[in-house]
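First the structure, in the form of C-alpha cells, and then the observations on it.
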2 protein chains.
Amino acid sequence: MSKPLSPAAGAGQGASSVDEVLRLVRARGGRATPSRRVLLEVLFEADGHMTAEELAEAVQARAPDVHISTIYRNVEDLERLGVVVHAHMGHGPAAYQLATLAHGHFICEVCGATLEAPDELFADLAGTVKAKMGFTIDPHHFAMLGRCRACEEGG
Amino acid sequence: MSKPLSPAAGAGQGASSVDEVLRLVRARGGRATPSRRVLLEVLFEADGHMTAEELAEAVQARAPDVHISTIYRNVEDLERLGVVVHAHMGHGPAAYQLATLAHGHFICEVCGATLEAPDELFADLAGTVKAKMGFTIDPHHFAMLGRCRACEEGG
DNA sequence: AGCGCAGTTGCGACCTGATCGCAATAAGGT
DNA sequence: ACCTTATTGCGATCAGGTCGCAACTGCGCT
C-alpha cells in the first residue's frame with residue numbers, strides 16, 4: 001500500500017471508527033489486515049498519544065506476532081491517509097495519535113512534564129508569521145520546550 | 001571538566017571571544033586544550049548554526065585528529081557554561097551555535113527550507129502561555145514546522 | 001469456490017545521531 | 001619539574017527508526 005496511495009490527498013481526517021478507516025484504506029488499494037485493524041483499535045481506544053513502542057506493546061497484547069516494523073509501516077501509511085499524525089515530544093521517540101485529536105505541546109525541559117496546548121494559543125502567532133514571512137505554521141508537529149511553573153520558580 | 005562544573009549557573013552568556021571563553025573555562029576548573037580552542041574558533045567564525053558533523057569537519061581542517069566524540073563532549077560542556085546552545089531543526093541532527101546568536105526557526109516540511117525567526121514574533125505567545133499556563137517558553141530550542149510560501153501555494 | 005496478483009508481514013540487517021568506558025595523554029597549579 | 005585530574009581518541013554501544021527480502025494473504029475477478 002505504501003506506494004500506490006495518491007500522495008497526501010488530505011482525505012480521511014474525519015474518519016471516526018476503525019471500520020470507516022479500513023473502508024478508506026481499501027478504497028485506496030490497501031488491505032484490511034488483522035495487524036492494521038488491531039493497531040487502529042488501539043489508536044481509537046487510546047486516550048493520549050502513544051510512542052511506536054507503546055503501540056507495539058498494546059497491539060501485541062492482542063496479536064503477539066505483530067512486529068514493530070509493521071507498526072512503523074502502518075502508522076506511516078495511516079499518516080499518509082490523514083488518519084494519524086505524529087508529533088515530536090522533545091527528545092525521545094515520536095508520539096502518534098488520531099489526527100482528529102491532534103494538538104500542540106509544551107514540555108518542561110527540567111522535569112519533563114508535558115502540557116497540552118489549546119490551538120487558540122497559536123492563532124496569533126500563526127497569523128503574524130503567515131503575514132510577515134509567508135510561512136504556514138503547523139503548531140502540532142514539534143513540541144515547544146521551556147520550563148513549567150514549578151521548575152521555573154523552584155530552579 | 002564534565003562533572004565538576006557548577007550546574008547551569010547561567011554564567012558566560014556574554015563571552016565574546018575565544019580567549020574570554022577559555023578564561024571562563026579555566027575559572028571553572030576546565031582546561032584550555034587545543035581541541036577546545038579550535039572548536040571555539042570555528043564557532044566564533046561560523047555565520048550560522050552548524051551540526052556536530054560540520055563542526056567536526058571544520059575543526060579537523062585545522063586539527064585533524066580531533067574525534068567527533070570530543071566535539072560532542074565539548075559542545076556539551078560549553079552549553080553548560082552558557083556559551084553555546086543547540087537547537088533541533090526538524091528531523092536530522094541538532095545544530096549548535098553561540099548562545100549570543102540564538103534565535104528560533106521555521107522549517108518547511110516539504111522543501112526543507114529553514115527561515116530564521118525574529119524573537120519578537122514569539123513575544124505575544126510567550127506572554128499568553130506564561131499567563132494562562134504558567135509555562136515559560138524557550139522558542140529557540142525546537143524549530144517550528146510548517147510550509148513555506150512556495151510549497152503552500154504550489155502544493 | 002478458487003486463482004492469482006500485488007499489498008503486507010516478520011525478520012534481521014542496517015542507518016544515523018549521539019553517548020560511553022577505558023586506557024593513554026597533557027594542562028596547569030604548586 | 002611534578003603530580004593530580006581533566007581531557008582525549010578510539011571503538012563499542014545505544015536509541016529510534018528504516019529497509020530488503022522471501023513468505024504469506026486479502027480480495028477482486030472469474
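In this text, all values refer to a predicted model and were calculated from it rather than measured experimentally. Lettering follows sequence order; numbering is per chain, from 1.
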Phosphate OP1/OP2 of C/dA18 contacted by B/Tyr72 side-chain N/O (<4.0 Å): yes
Applying salt bridge (charged side-chain N to carboxylate O under 4.0 Å, His left out), which residue pairs with at least one partner in residues 82-95 of chain A are found, sequence neighbours left out? none
Short side-chain N/O contact to C/dA27 OP1/OP2 from B/Thr33, under 4.0 Å: no
How close or far is atom C1' of C/dT9 from atom CD of A/Gln60, stated in whole angstroms? 13 Å
Qualifying residues under side chain to side chain contact (heavy atoms under 4.5 Å, CB included), relative to B/Ser35, sequence neighbours excluded: B/Thr33, B/Val66, B/Thr70, B/Asn74
Do B/Tyr96 and B/Leu55 have side chains that get closer than 4.5 Å, going by heavy atoms? yes
On the 0 to 90° scale, with breaks at 30° and 60°, tag the B/His103-B/His49 ring pair as parallel, tilted or perpendicular. tilted
So, using side chain to side chain donor-acceptor pair (under 3.5 Å) as the criterion, who are the partners of A/Glu45 when residues are at least two apart? A/Arg62
Going by number, which of residues 62-71 of chain B have a non-hydrogen atom under 4.0 Å from DNA chain D? B/Asp65, B/Val66, B/His67, B/Ser69, B/Thr70
Identify, with sequence neighbours excluded, every residue that meets side chain to side chain donor-acceptor pair (under 3.5 Å) alongside A/His67. A/Ser69
Contact list for DNA chain D against residues 47-54 of chain B - heavy-atom distance below 4.0 Å: none
Separation of D/dT8 P from B/Glu76 CD (nearest whole Å): 12 Å
With sequence neighbours left out, what residues match B/Arg23 under side chain to side chain contact (heavy atoms under 4.5 Å, CB included)? B/Asp19, B/Glu20
Extract all donor-acceptor atom pairs below 3.5 Å that involve side chains of residues 139-150 of chain A and protein atoms in other chains or at least two apart in sequence.
{"from": "A/His140", "atom 1": "NE2", "to": "A/Asp119", "atom 2": "OD1", "distance (Å)": "2.8"}
{"from": "A/His140", "atom 1": "NE2", "to": "A/Asp119", "atom 2": "OD2", "distance (Å)": "3.3"}
{"from": "A/His141", "atom 1": "NE2", "to": "A/His86", "atom 2": "NE2", "distance (Å)": "3.2"}
{"from": "A/His141", "atom 1": "NE2", "to": "A/His88", "atom 2": "NE2", "distance (Å)": "3.3"}
{"from": "A/Arg147", "atom 1": "NH1", "to": "A/Glu152", "atom 2": "OE1", "distance (Å)": "2.7"}

Would you kindly compare B/Pro93 and B/Arg26 by the position of their nearest DNA chain C nucleotide and give the one closer to the 5′ end? B/Pro93
Under 3.5 Å between N/O atoms: give me all the protein pairs with nucleotides 22-26 of chain C, atom names plus distance.
none

Taking side chain to side chain donor-acceptor pair (under 3.5 Å) as the test, write out the residues that go with A/Glu53, two or more places apart. none
Whole angstrom is fine here: how far is it from CG in A/Asn74 over to P in D/dG17? 15 Å
Restricting to side chain to side chain contact (heavy atoms under 4.5 Å, CB included), what partner residues turn up for B/Pro93, sequence neighbours left out? B/Thr51
Can you tell me the distance, in whole Å, between the CG atom of A/Leu22 and the C1' atom of D/dC27? 13 Å
Quick one: B/Asp77 CG to C/dA18 P, roughly how many Å, whole number? 16 Å
Identify, with sequence neighbours excluded, every residue that meets side chain to side chain contact (heavy atoms under 4.5 Å, CB included) alongside A/Ala58. A/Val42, A/Met50
